Amino acid sequence: MTAQRDSSSTKVTNTMAEKPVLYYFNGRGRMESIRWLLGAAGIEFEEVYLEKREQYEQLIKEGRLMFGQVPLVEMDGMNLTQTHPILSYIAAKYNLYGKDPKERYEIDRYADGTIDLMGLGLAYPFLDDAGKEKQKGLIKERATNKYFPVYETALKDKDYLVGNKFSWADIQLMEAILMVEEFHSDILSCFPQLQAFKERTKKMPTIAKFLLPGSPKKPFPDDKYVATVKAVLKM
């Protein structure tokens with residue numbers, strides 16, 4: 001489960017400070033994979049939603065955003081920034097990052113592929129109607145011809161991508177599959193291994209909980225989310 005802090009402040013003041021605190025917009029964006037990873041690890045967290053430009057500027061003023069960018073995760077006494085390092089830190093902390101450098105390399109490689117694919121979905125809400133139609137086609141083409149065949153082959157004769165143990169790479173893949181299915185519901189029709197992977201993964205207790213209504217998982221981005229992001233970041 002997750003809780004929302006007072007969005008008018010960027011300060012942590014309550015007694016639940018031991019939980020990770022996520023600073024981002026009330027929507028998916030680059031924070032969604034972090035929510036997925038924490039959820040899969042069974043870790044409760046809190047969120048501060050950025051709704052005004054002043055909140056974002058305050059985080060910069062406080063020196064909490066290394067390159068002036070969110071997401072920001074307050075965790076273990078640190079201000080974690082930059083999406084990939086945040087994800088790798090969380091994966092390592094909760095034993096979802098392989099047993100040795102070779103496995104970590106493989107996990108990074110598979111995770112990068114799904115991050116690239118999901119980047120197409122991240123951009124979609126900010127496009128005009130013509131751009132959205134083109135993007136839907138691109139998502140299908142890239143998933144079908146570039147990304148999903150790699151994961152289909154990797155999952156032949158095993159349940160998980162790396163070391164046959166559930167890892168960050170599997171969590172990212174599950175998120176990517178569900179994202180693509182929002183645009184093309186039959187996308188897995190030619191990928192039986194991915195179909196089986198999806199069915200197995202969604203039954204895992206922490207994943208099943210994260211997929212329930214009312215969980216920290218964010219819905220498909222709407223116009224309000226887009227307007228807020230544009231206003232806060234002056235896009």
Side-chain angles (χ1 to χ4, degrees), residues 1-4 19-20 22 24 26-47 71 73 75 83-84 86-99 103-104 106-119 121-122 143 147-148 150-152 154-189 191-221:
M1 295 179 63
T2 185
Q4 181 185 357
K19 292 183 181 179
L22 282 50
Y24 202 69
N26 186 11
R28 290 182 183 175
R30 297 189 181 279
M31 186 65 87
E32 190 69 357
S33 291
I34 297 167
R35 297 184 185 105
W36 265 89
L37 187 53
L38 288 168
I43 304 304
E44 294 187 353
F45 55 87
E46 297 184 351
E47 300 203 51
V73 176
M75 185 176 185
T83 307
H84 195 114
I86 295 171
L87 289 164
S88 61
Y89 178 85
I90 294 170
K93 180 178 175 70
Y94 296 111
N95 197 29
L96 294 164
Y97 205 16
K99 69 178 186 296
E103 287 194 355
R104 289 192 287 275
E106 292 292 337
I107 289 168
D108 279 337
R109 189 164 63 156
Y110 284 125
D112 272 5
T114 48
I115 288 170
D116 289 346
L117 176 57
M118 288 190 291
L122 290 180
Y147 293 105
F148 282 179
V150 172
Y151 299 102
E152 179 76 5
L155 287 167
K156 186 177 181 180
D157 301 323
K158 60 181 181 179
D159 289 342
Y160 304 113
L161 289 169
V162 179
N164 207 23
K165 180 182 178 182
F166 188 63
S167 74
W168 168 30
D170 302 297
I171 299 163
Q172 289 270 164
L173 178 56
M174 184 64 173
E175 182 187 0
I177 288 172
L178 296 185
M179 183 277 288
V180 176
E181 285 185 329
E182 289 179 319
F183 296 97
H184 306 284
S185 60
D186 62 345
I187 195 71
L188 294 186
S189 60
F191 299 104
Q193 300 297 335
L194 290 182
Q195 291 180 43
F197 169 84
K198 175 189 167 184
E199 292 305 309
R200 285 194 306 272
T201 304
K202 73 181 185 181
K203 293 176 183 177
M204 297 182 67
T206 56
I207 298 294
K209 182 178 179 180
F210 189 76
L211 294 175
L212 289 173
S215 82
K217 183 179 182 296
K218 301 304 181 188
F220 194 87

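The structure displayed is predicted, hence computed values, not measured ones.
Using a 4.5 Å heavy-atom threshold, the side chains of Trp36 and Lys217 count as touching. Using a 4.5 Å cut-off on side-chain heavy atoms (C-beta onward), Met31 and Val73 make contact. With a 4.5 Å cut-off on side-chain heavy atoms, Met118 and Gln172 count as touching. Side chains of Ser33 and Ile115 form no contact here, defined as non-hydrogen atoms less than 4.5 Å apart. The shortest distance between side-chain heavy atoms of Ile34 and Phe45 does not fall below 4.5 Å. Residues Asp159 and Arg200 are in side-chain contact: their nearest non-hydrogen atoms beyond the backbone lie under 4.5 Å apart. Side-chain contact between Thr83 and Pro71: present, with at least one pair of heavy atoms (C-beta onward) separated by less than 4.5 Å. Annotation: side chain of Tyr147 is in contact with side chain of Asp116 (closest heavy-atom distance under 4.5 Å).
Note: Leu155 CG to Leu161 CG = 4.5 Å, rounded to the nearest 0.5 Å. One distance of note links CD1 of Ile90 with CE of Met75; it measures 5.0 Å at 0.5 Å rounding. Atom OG1 of Thr201 and atom CG of Leu173 lie 7.5 Å apart (nearest 0.5 Å). Here Leu38 contributes atom CG and Lys19 contributes atom NZ; the two are 12.0 Å apart, rounded to the nearest 0.5 Å. One finds the CG atom of Asp170 at 4.5 Å from the CZ atom of Phe197 (value rounded to the nearest 0.5 Å). Atom NZ of residue Lys158 and atom NZ of residue Lys165 lie 14.5 Å apart, to the nearest 0.5 angstrom.
Looking at Tyr97, its side chain never comes within 3.5 Å of a backbone N or O of Ser167 through a donor-acceptor pair. Here the side chain of Tyr94 pairs no donor or acceptor atom with the backbone of Ala40 at under 3.5 angstrom. A side-chain donor-acceptor contact under 3.5 Å links Gln195 to the backbone of Leu188.
Scanning all heavy atoms of the two residues, the minimum distance from Gly29 to Leu122 falls at O-CD2, 3.3 Å. Scanning both residues, Val180 and Ala143, for their nearest heavy atoms gives CG1-CB, 4.1 Å. Residues Arg109 and Glu106 share a closest heavy-atom pair of NH2-OE1, 2.8 Å. Closest approach of Ile107 to Gly98, counting heavy atoms only: CD1-N, 3.3 Å. Annotation for Ala91 and Leu37: closest pair N-CD2, 3.8 Å, computed over non-hydrogen atoms.
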For this session: Walk me through it: do Arg35 and Glu47 pass the test salt bridge (charged side-chain N to carboxylate O under 4.0 Å, His left out)?
Result: CA-CA 10 Å; Arg35 297 184 185 105; Glu47 300 203 51; 3.1 Å; yes
Exercise. Arg28 and Glu182: salt bridge (charged side-chain N to carboxylate O under 4.0 Å, His left out), yes or no, with the steps?
Worked result: CA-CA 14 Å; Arg28 290 182 183 175; Glu182 289 179 319; 2.7 Å; yes
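Here Phe220 and Phe183 bring their ring centres to under 6.0 angstrom of each other.
Screening Glu152, Glu175, Glu181 against Lys198 for a salt bridge (charged side-chain N to carboxylate O under 4.0 Å, His left out) leaves a single residue, Glu181.
Classification of the Tyr110-Tyr151 ring pair by plane angle, with boundaries at 30° and 60°, yields tilted.
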